[in-house]
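Chain A is the first sequence line, chain B the second, and so forth, proteins listed ahead of strands; every chain is numbered from 1. On a predicted model such as this, the values are computed, not experimentally measured, just so you know.
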Amino acid sequence: MNYWLMKSEPSVFSIDDLANKPNQIYCWDGVRNYQARNMMRDDMKNGDLAFFYHSNCAEPAIVGIMQVVKESYPDFSAFDENDKYFDPKSNPNNPRWFMVDLKFIRKFSRPITLKELKIVPQLADLALVRRGNRLSIMPVAATQWDFILNLETD
DNA sequence: GCCAACGTTGGC
DNA sequence: GCCAACGTTGGC
């Protein structure tokens, strides 16, 4: 089992959008970064858990948990020229971009803020708090995962 | 293959 | 809105 962190701008898609339709399956389309793509395509497995992170907003924070329910397949939003994620260099015969499907697991009782994550020494190696990190998908070590979960009830 | 210009991300 | 830190593009 692997653990992940996935960013979303809450003004576009938030944890409440997830929580309001708890049984819906979501395809994580629109990833257009090779490192993030490679992790989704090669390493994300059914049953893996992912933190849902609010980025580019007033209070950047981890706000809940999702689970991978379908492993990688071509991101068809890249094929549709009317889609905002259209990429003419990707096509069904040779797809460049991939996505996974996810479902809602739970919303945290409180946001675990970036500010809070930055000050704990145990998370110094978490990619999220490393300088200049802009990856929209990143791995989380099991020890980091457990530590962050414990922060929720501190 | 180098690298300047440009575009994007995302915290603040 | 600012800007640092990237990633991408394209001329050479």
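- Less than 4.0 Å separates DNA chain B from at least one heavy atom of each of the following residues of residues 118-132 of chain A: A:K118.
- If you check residues 29-43 of chain A against DNA chain C, the residues with a heavy atom closer than 4.0 Å are A:Y34, A:Q35, listed by number.
- Although no hydrogens or angles enter the test, the distance criterion places no donor-acceptor pair under 3.5 Å between the side chain of A:Q67 and the main chain of A:L49.
- Within 4.0 Å of A:K89, counting heavy atoms only, lie sugar-phosphate atoms of the nucleic acid but no base atom.
- Looking at A:N2, its side chain does come within 3.5 Å of a backbone N or O of A:D43 through a donor-acceptor pair.
- Following rounding to the nearest Å, A:L114 (CG) and B:dT9 (P) show an atom-to-atom distance of 18 Å.
- Under the ring-ring contact (aromatic ring centres under 6.0 Å, His included) criterion, A:F79 pairs with no residue, sequence neighbours left out.
- The stretch residues 50-62 of chain A comes close to DNA chain B through A:Y53, A:S55, A:N56, A:P60, each having a heavy atom under 4.0 Å from the strand.
- Taking CE from A:M39 and OG from A:S72, the interatomic distance works out to 13.0 Å, rounded to the nearest 0.5 Å.
- Separating the CZ atom of A:R134 from the P atom of B:dT8 is a distance of 11 Å, rounded to the nearest angstrom.
- Within the cation-pi definition used here (under 6.0 Å to the ring centroid, within 45° of the axis), A:K70 qualifies as a partner of A:Y73.
- Judged purely by atom type and a 3.5 angstrom limit, A:K7 uses its side chain to pair as donor or acceptor with the backbone of A:L135.
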Could you go through residues 113-121 of chain A and list every donor-acceptor pair under 3.5 Å that involves a side-chain atom there, pairing it with any protein atom two or more places apart or in another chain?
{"from": "A:T113", "atom 1": "OG1", "to": "A:E116", "atom 2": "N", "distance (Å)": "3.1"}
{"from": "A:E116", "atom 1": "OE1", "to": "A:R110", "atom 2": "NH1", "distance (Å)": "3.1"}
{"from": "A:E116", "atom 1": "OE2", "to": "A:R110", "atom 2": "NH2", "distance (Å)": "2.8"}

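- Distance CG (A:L135) to P (C:dA5): 16 Å, rounded to an integer number of Å.
- Closest of all the heavy-atom pairs between A:I105 and A:M66 is CG1-C, 3.8 Å.
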Can I get a per-line list of side-chain donor-acceptor pairs under 3.5 Å for residues 27-34 of chain A, giving both atom names and the distance, sequence neighbours left out?
{"from": "A:R32", "atom 1": "NE", "to": "A:Y85", "atom 2": "O", "distance (Å)": "3.2"}
{"from": "A:R32", "atom 1": "NH1", "to": "A:D75", "atom 2": "OD2", "distance (Å)": "2.9"}
{"from": "A:R32", "atom 1": "NH2", "to": "A:D75", "atom 2": "OD2", "distance (Å)": "3.4"}
{"from": "A:R32", "atom 1": "NH2", "to": "A:S77", "atom 2": "OG", "distance (Å)": "3.1"}
{"from": "A:R32", "atom 1": "NH2", "to": "A:Y85", "atom 2": "O", "distance (Å)": "2.9"}
{"from": "A:N33", "atom 1": "OD1", "to": "A:Q35", "atom 2": "N", "distance (Å)": "3.0"}
{"from": "A:N33", "atom 1": "OD1", "to": "A:A36", "atom 2": "N", "distance (Å)": "3.0"}
{"from": "A:Y34", "atom 1": "OH", "to": "A:R96", "atom 2": "NH1", "distance (Å)": "3.0"}

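- The closest side-chain heavy-atom distance from A:W4 to A:D48 is below 4.5 Å.
- One finds a side-chain N or O of A:K7 lying less than 4.0 angstrom from the OP1 or OP2 phosphate oxygen of B:dG10.
- If you take CG of A:N133 and P of C:dA4, they are 18 Å apart, rounded to a whole angstrom.
- In this model, no donor atom of one side chain and acceptor atom of the other lie less than 3.5 Å apart for A:N133 and A:R130.
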